[in-house]
Protein chains: 2
Amino acid sequence: MSESGTKQVKQSVLADFKVGVDTVIFSVDTEGNRILVLLVKREDEPFLKYWGLPGTLVRNGESLEDAAHRVLVEKIRVNNLYVEQLYTFGGPGRDPRELPESFGVRYLSVSYFALVRFAEAQLIAEGMSGIAWYAINKLPQLAFDHNQIVEYGYRRLRNKLEYSPVAFDVLPEVFTLSDLYQFYMTVLGENFSDYSNFRTRLLKLGFLADTGVKVTRGAGRPASLYRFDSDAFAPLKDKPLVFI
Amino acid sequence: MSESGTKQVKQSVLADFKVGVDTVIFSVDTEGNRILVLLVKREDEPFLKYWGLPGTLVRNGESLEDAAHRVLVEKIRVNNLYVEQLYTFGGPGRDPRELPESFGVRYLSVSYFALVRFAEAQLIAEGMSGIAWYAINKLPQLAFDHNQIVEYGYRRLRNKLEYSPVAFDVLPEVFTLSDLYQFYMTVLGENFSDYSNFRTRLLKLGFLADTGVKVTRGAGRPASLYRFDSDAFAPLKDKPLVFI
DNA sequence: TCAAAAGTGTTACGGATACACCCATGT
DNA sequence: ACATGGGTGTATCCGTAACACTTTTGA
């Protein structure tokens with residue numbers, strides 16, 4: 001950041017910003033075969049009563065991550081989650097609070113991506129439930145440029161899943177291979193892989209430990225419960241891996 | 001000092017930001033077999049006389065991309081380049097100008113990633129050449145957290161190259177397959193692929209058009225000049241592609 | 001004629017795909 | 001006993017890796 005100006009203008013032309021953090025919180029409902037996004041109904045202008053992403057403005061002494069975490073904790077109670085930064089949207093005019101041509105304060109949004117476990121996620125109803133999960137393919141018109149942000153996050157979700165072990169951050173401690181398969185099916189679509197091939201591939205990678213415990217769900221042969229062995233995974237870290 | 005009040009908290013606790021844009025500008029020197037990063041010597045505090053990334057603070061009415069572009073144009077003259085957003089660093093205290101505990105203005109940096117053609121890049125010497133290419137493996141201690149940003153950008157460079165056709169944004173209009181190979185070699189390292197296999201794979205993808213023109217460089221059989229056919233590439237867009 | 005650079009061909013291996021099949025349980 | 005879901009095996013295909021070979025030029 002070298003503000004290379006030699007003039008006096010220096011201060012006057014620099015834009016003043018408030019920085020917002022908006023988080024696309026995903027969860028995967030394998031039963032319902034849906035990907036869900038957490039939305040909140042806005043109680044302030046602008047975009048009053050529109051649905052939008054959970055977000056907040058960054059406070060004094062607070063890091064971006066802290067702010068993202070604060071919003072998350074306000075809206076939802078979870079034990080397991082995965083968070084990472086997504087993209088920063090900062091063009092002038094993206095927030096109606098910036099009066100056109102006024103050179104007032106600008107609003108910049110750093111978006112975050114989060115993945116939580118659907119089954120255990122408890123929404124914290126504020127007032128009369130201005131908070132809800134929406135299927136990603138049935139989103140309403142959102143406030144600001146939030147539709148665009150969700151779209152961006154969705155691409156990231158699929159990418160992350162294919163190349164990194166995020167799934168295990170969000171699955172229970174132990175799970176069956178069918179659970180895992182269902183999870184991937186839901187996110188990546190019907191035709192990503194055959195079950196039996198998925199199975200062999202994953203097991204060959206060697207970081208899924210069979211606990212020996214069997215679980216039976218209705219009819220059918222009982223399934224083994226597996227555990228993600230992060231030690232066994234460690235050496236594979238940042239190697240190009242495909243989880244397809 | 002921002003007006004502090006424990007009451008109408010809402011307004012008073014929000015941090016005020018200046019937003020900076022820092023760009024990691026890469027070029028690939030295939031002759032010298034080096035990856036280069038463009039650095040500028042700071043002429044202001046903080047970090048006076050340290051080398052750092054070209055950057056600026058965002059002005060009124062200016063988008064982040066505009067700011068990134070403005071800096072680029074100030075430092076370097078190029079025809080071809082590729083630019084994309086990298087990451088946003090915004091923790092409190094990352095800039096010494098934020099007085100500790102003062103709740104003064106915060107400095108947030110949105111970093112960008114750029115790739116330019118080395119051969120045609122002309123550095124715009126300001127004063128006595130406070131601007132230079134540095135080999136990525138021989139960087140000095142940089143201002144702020146810029147070493148970290150470069151590291152992040154370097155990862156992105158290699159990734160981009162493997163999975164997307166950025167190379168062609170930065171190669172001449174026509175080039176030999178050896179040129180292309182040298183380029184990949186330089187970025188991805190000695191052991192990424194055999195030349196002949198690289199060759200067959202790339203040609204099979206079908207978006208490299210042989211111009212028929214031959215060029216000869218010293219001894220050896222003349223090489224065909226190829227052109228990147230963006231129409232032929234279009235259908236492959238956003239399909240998972242490996243350029244290795 | 002020989003070295004250097006460009007370009008072609010060939011073989012072997014390993015992973016992915018598409019199945020067919022076997023196993024254990026509930027009803 | 002049979003439907004249901006879990007789990008195993010196998011034949012085939014195709015991309016990749018390794019490397020030998022041919023072609024065309026300059027010196």
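Here is the naming used below: chain letters follow the sequence lines, and residue numbers restart at 1 for every chain.
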Using distance only, find each side-chain donor-acceptor pair of residues 113-120 of chain B under 3.5 Å and give its atom names and separation, not counting sequence neighbours.
{"residue": "B/R117", "atom": "NE", "partner": "B/V170", "partner atom": "O", "Å": "3.2"}
{"residue": "B/R117", "atom": "NH2", "partner": "B/N80", "partner atom": "OD1", "Å": "3.1"}
{"residue": "B/R117", "atom": "NH2", "partner": "B/L171", "partner atom": "O", "Å": "3.0"}
{"residue": "B/E120", "atom": "OE1", "partner": "B/N79", "partner atom": "ND2", "Å": "3.4"}
{"residue": "B/E120", "atom": "OE2", "partner": "B/N79", "partner atom": "N", "Å": "2.6"}
{"residue": "B/E120", "atom": "OE2", "partner": "B/N80", "partner atom": "N", "Å": "3.0"}

- Spacing of B/L202 atom CG relative to C/dA6 atom P, expressed in whole Å: 15 Å
- Item | Residues which pass side-chain hydrogen bond (donor to acceptor under 3.5 Å, both in side chains) with B/Y154, listed by chain and number, not counting sequence neighbours | none
- Across the strands shown, which category fits A/T200 at heavy-atom distances under 4.0 angstrom: base, sugar-phosphate, nothing? nothing
- Query: Taking the nucleotide of DNA chain C with the closest heavy atom to each, which residue, B/L203 or A/K204, is nearer the 5' end?
  - Reply: B/L203
- Message: I'd like to check the ring-ring contact (aromatic ring centres under 6.0 Å, His included) partners of B/Y152; sequence neighbours left out, ordered by chain and number.
- Response: B/Y87
- Message: If you compare every side-chain N and O of A/R199 against the phosphate oxygens of D/dG6 (OP1, OP2), does one of them come in below 4.0 Å?
- Response: no
- Message: Any heavy-atom pair between the side chains of A/I131 and A/L39 that's under 4.5 Å?
- Response: no
- Name all residues meeting the ring-ring contact (aromatic ring centres under 6.0 Å, His included) criterion together with B/F228; count only those two or more places apart in sequence or in a different chain, and write none if there are none. B/F168, B/F207, B/F233
- To the nearest angstrom, the CG-P distance between A/L177 and C/dA24 comes to 17 Å
- Task: Starting from P on C/dA6, measure out to CG on B/D210 and report it in whole angstrom.
- Result: 14 Å
- Identify whether any heavy atom of A/T176 sits under 4.0 Å from a base atom; if not, whether one sits that close to sugar-phosphate; answer base, sugar-phosphate or nothing. nothing
- Query: What string of B, S and - do you get for nucleotides 18-27 of chain D, 5' to 3', when a contact is any protein heavy atom under 4.0 Å?
  - Reply: BB---BBBS-
- Item | salt bridge (Lys or Arg N to Asp or Glu O under 4.0 Å) involving A/R217 - partner list, sequence neighbours excluded | A/D179
- How close or far is atom C1' of D/dG6 from atom CG of A/L180, stated in whole angstroms? 14 Å
- Message: Does a side-chain N or O of B/Y195 approach OP1 or OP2 of C/dG7 to a distance below 4.0 Å, or not?
- Response: yes
- Round to a whole Å and report the spacing from CZ of B/F198 to P of C/dT8. 15 Å
